[in-house]
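One structure below.
Only heavy atoms go into these numbers, but all of them, side chains included; no hydrogens, no water, no symmetry mates. Since the model is a prediction, treat every value here as computed from it, not as a measurement.
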Amino acid sequence: MLDHISDQTARACLEALVQLRRENDNAAILSFVAGLEDAVDGPMADMMLGMLAQLGKAAGSGSQG
């Protein structure tokens, strides 16, 4: 299922999830997982997951302040 996803994209997604978990942002985690489910089936999955990871990191860093 995720064979076509680059290591860099997979790592970015995991980092975003870890960040959201550290901040205990369960709503963002659920949104992130829903986005993953939608993204992996598409022909541009790597690009979509990369953008999703950046959004997850931004959401995580934005809730610290």
(Q) Could you check whether any side-chain heavy atom of Ile29 comes within less than 4.5 Å of a side-chain heavy atom of Asn26, counting everything from C-beta outward? (A)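 Result yes, sub-4.5 Å side-chain heavy-atom pair found.
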
* Asked: Atom CG of Asp25 and atom CG of Leu17: how far apart are they, to the nearest 0.5 Å?
  ->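 The CG atom of Leu17 is 11.0 Å from CG of Asp25, to the nearest 0.5 Å.
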
Task: Closest contact, heavy atoms only, Cys13 versus Phe32 - done: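 So the two residues come closest at O-CZ, 3.7 Å.
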
_By side-chain hydrogen bond (donor to acceptor under 3.5 Å, both in side chains) - contacts of Asn24 (at least two apart)_ =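 Listed in chain order: Arg21.
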
- Item | For Glu15, all residues meeting side-chain contact (heavy atoms from CB on, under 4.5 Å), sequence neighbours excluded |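 With sequence neighbours excluded, Glu15 shows a side-chain contact (heavy atoms from CB on, under 4.5 Å) to Arg11, Lys57, given in chain and number order.
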
